[in-house]
Peer 1: 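Can you read through this structure? Questions will come right after.
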Amino acid sequence: MPIDPVILLAEEIHTLEKQVHTVCKRDGAYDRQGMEAVNLMVGRLRSLYGELLETTPTSAIGAGELVRFAADRLPFAQGRYASHLYRIAERLGDGERSQADLIWLRALVEALASDSASVGAANRTVQMLALAVKGMAQPVVVWRAALPVHVPAHDLRALSSGPTMVAPPPFVPQSF
C-alpha cells in the first residue's frame, strides 16, 4: 500500500520550514543571497500548502497531520478549539479513529464554515479540516492471509485406543 500523500507533503513542509528558520537565524542572514534563498523557499512552501489543500488523506495518520496543521493555523477567535484538535490529531496519529472525534470535527467544520468571519486563512483552515474529516471517514480495509489448517500426522499409538468420544451434556428437564 502506498504511503499517504499528506504525510509526504507534511514532511516536506516541516523540512522546508526548518531550513527557512535556520537561514534566518544565522549571523549575517540579511544579505541579498540569503534573502533570495529564503524567498525561493517561501515560494516553494506556498505551493506545498496549496497542494496540501487539494490532497485528501488516505489514512488516519494523514488525517491527523491535516488536523494538526489546521490547529496551528486557527484564527485567534477560534483558538479555544486548538487543544481539542491537538488531542484528536494525537489519537489519529496513533491510528485510533473514534466516532465521537469524527462527529465533533464535522460539527466544527460546519460551524466554522457558517461563521460570517471565515475569510482568507480561516477558510483554508476549514478546507483542511474538511479534508481531514473526509480522510478520517474512509473505511479501513484489513487484508489477512488465510492459511490452510495444519492437520497433524496420525500417530499409531493414539489411534490404537480407538475413537475418542465426547460425551454429550447431561439432559436437564425444564419445568414449565
Side-chain angles (χ1 to χ4, degrees), residues 1-110 112-113 118-145:
M1 180 174 173
I3 193 165
D4 192 328
V6 172
I7 295 171
L8 294 173
L9 283 171
E11 185 63 34
E12 196 171 344
I13 287 171
H14 292 309
T15 303
L16 205 51
E17 285 177 343
K18 285 179 186 176
Q19 289 175 354
V20 169
H21 288 293
T22 302
V23 169
C24 289
K25 286 188 175 187
R26 72 173 190 219
D27 289 334
Y30 294 103
D31 60 347
R32 182 182 173 122
Q33 190 176 25
M35 287 302 101
E36 285 178 4
V38 168
N39 283 337
L40 288 173
M41 287 187 255
V42 168
R44 178 72 181 135
L45 275 172
R46 281 189 183 134
S47 68
L48 288 173
Y49 276 114
E51 287 179 43
L52 191 64
L53 286 173
E54 298 171 355
T55 306
T56 303
T58 59
S59 68
I61 299 169
E65 284 295 327
L66 274 179
V67 169
R68 191 170 284 113
F69 274 117
D72 289 340
R73 283 142 185 85
L74 272 177
F76 182 73
Q78 283 92 23
R80 62 187 172 272
Y81 304 117
S83 63
H84 298 297
L85 289 172
Y86 285 125
R87 278 187 260 140
I88 290 171
E90 284 178 26
R91 285 192 291 269
L92 288 171
D94 292 339
E96 296 176 32
R97 296 186 317 163
S98 128
Q99 187 175 10
D101 290 342
L102 182 62
I103 292 169
W104 188 82
L105 274 176
R106 282 183 175 159
L108 181 65
V109 167
E110 199 173 298
L112 289 174
S118 289
V119 293
N123 193 20
R124 287 188 295 272
T125 303
V126 170
Q127 288 175 351
M128 272 189 211
L129 286 174
L131 282 173
V133 165
K134 195 174 183 181
M136 187 177 165
Q138 289 181 351
V140 175
V141 177
V142 179
W143 296 92
R144 295 188 182 181

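Everything numeric in this text was worked out from a predicted model, so none of it was measured.
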Peer 1: Decide yes or no for Leu105 and Ile88: does some side-chain heavy atom of the first lie under 4.5 Å from some side-chain heavy atom of the second?
Peer 2: yes

Peer 1: Is the closest basic N to carboxylate O distance between Arg68 and Glu65 below 4.0 Å?
Peer 2: yes

Peer 1: Write down the atom of Leu74, the atom of Ala82, and the distance for their closest heavy-atom approach.
Peer 2: CD1-N, 3.9 Å

Peer 1: Heavy-atom distance under 4.5 Å between the side chains of Arg106 and Ile103, does that happen here?
Peer 2: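 When only atoms from C-beta onward are counted, Ile103 and Arg106 do not touch, as no gap falls below 4.5 Å.
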
Peer 1: Drop me the distance from Ser47's OG to Glu51's CD, to the nearest 0.5 angstrom.
Peer 2: 6.0 Å

Peer 1: Under a 4.5 Å cut-off applied to non-hydrogen side-chain atoms, are Leu92 and Asp101 in contact?
Peer 2: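 No; the side chains remain at least 4.5 Å from each other.
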
Peer 1: Roughly how far, to the nearest 0.5 Å, is the CG atom of Leu66 from the NZ atom of Lys134?
Peer 2: 12.0 Å

Peer 1: Is Arg97 reaching over with its side chain to a backbone N or O of Gln138, donor-acceptor style, under 3.5 angstrom?
Peer 2: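 Yes: the side chain of Arg97 pairs with the backbone of Gln138.
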
Peer 1: Find the distance between OG1 (Thr55) and CG (Asp4) and round it off to the nearest 0.5 Å.
Peer 2: 9.0 Å

Peer 1: How are the rings of Phe69 and Tyr49 set to each other: parallel, tilted or perpendicular (split at 30° and 60°)?
Peer 2: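 Taking Tyr49 first and then Phe69, their aromatic rings stand perpendicular (interplane angle over 60°).
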
Peer 1: Over all heavy atoms of both residues, which pair between Gly34 and Val23 is shortest? Give the atoms and the distance, please.
Peer 2: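 Of all heavy-atom pairs spanning Gly34 and Val23, the closest is O-CG1, 4.0 Å.
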
Peer 1: Show the nearest heavy-atom pair for residues Ala63 and Gly135, with the distance to one decimal.
Peer 2: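 Taking every non-hydrogen atom into account, CB-C, 4.4 Å.
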
Peer 1: Taking Glu96's backbone N and O only, do any of them form a donor-acceptor pair with Asp94's side chain (distance below 3.5 Å, no angle check)?
Peer 2: no

Peer 1: Report, as yes or no, whether the 6.0 Å neighbourhood of atom CD on Glu17 holds more than 12 heavy atoms from other residues, nucleotides or ligands.
Peer 2: yes

Peer 1: Testing the basics here: between Ala89 and Gly64, what is the closest heavy-atom pair and its distance to 0.1 Å?
Peer 2: CB-O, 3.5 Å

Peer 1: For Leu131 versus Leu53, what's the shortest heavy-atom pair and its separation?
Peer 2: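 Nearest pair, atom of Leu131 first, then Leu53: CD1-O, 3.1 Å.
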
Peer 1: Measure the shortest side-chain to side-chain distance between Val6 and Thr56 over non-hydrogen atoms and say whether it is less than 4.5 angstrom.
Peer 2: no

Peer 1: How many angstroms lie between atom CG of Leu85 and atom CE of Met128, to the nearest 0.5 angstrom?
Peer 2: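 The distance works out to 12.0 Å.
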
Peer 1: Drop me the distance from Leu52's CG to Gln127's CD, to the nearest 0.5 angstrom.
Peer 2: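 Atom-to-atom, Leu52:CG and Gln127:CD are 10.5 Å apart.
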
Peer 1: Rounded to the nearest 0.5 Å, what separates atom CZ in Arg44 from atom CG in Asn39?
Peer 2: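 That separation rounds to 16.0 Å.
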
Peer 1: Taking the side chain as every heavy atom from C-beta outward, state whether Met136 and Val67 have any pair of such atoms under 4.5 Å apart.
Peer 2: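 Side chain of Met136 against side chain of Val67, heavy atoms only: no contact under 4.5 Å found.
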
Peer 1: Answer yes or no: is there a side-chain heavy-atom contact under 4.5 Å between Glu36 and Gln33?
Peer 2: no

Peer 1: Return the minimal non-hydrogen interatomic distance between Ile61 and Gly93, and the atom names on each side.
Peer 2: CG1-O, 3.8 Å

Peer 1: Does the side chain of Arg124 reach to within under 4.5 Å of the side chain of Arg73, using non-hydrogen atoms?
Peer 2: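 Not touching, per the 4.5 Å side-chain cut-off.
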
Peer 1: By the definition side-chain contact (heavy atoms from CB on, under 4.5 Å), identify the one residue from Ile7, Leu48, Leu45 that meets it with Glu12.
Peer 2: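 Running side-chain contact (heavy atoms from CB on, under 4.5 Å) over Ile7, Leu48, Leu45 with Glu12 returns exactly one hit, Leu48.
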
Peer 1: Strictly by ring pair (Phe, Tyr, Trp, His ring centres under 6.0 Å), give each pair with a member in residues 72-104 just once, sequence neighbours left out.
Peer 2: His84-Trp104

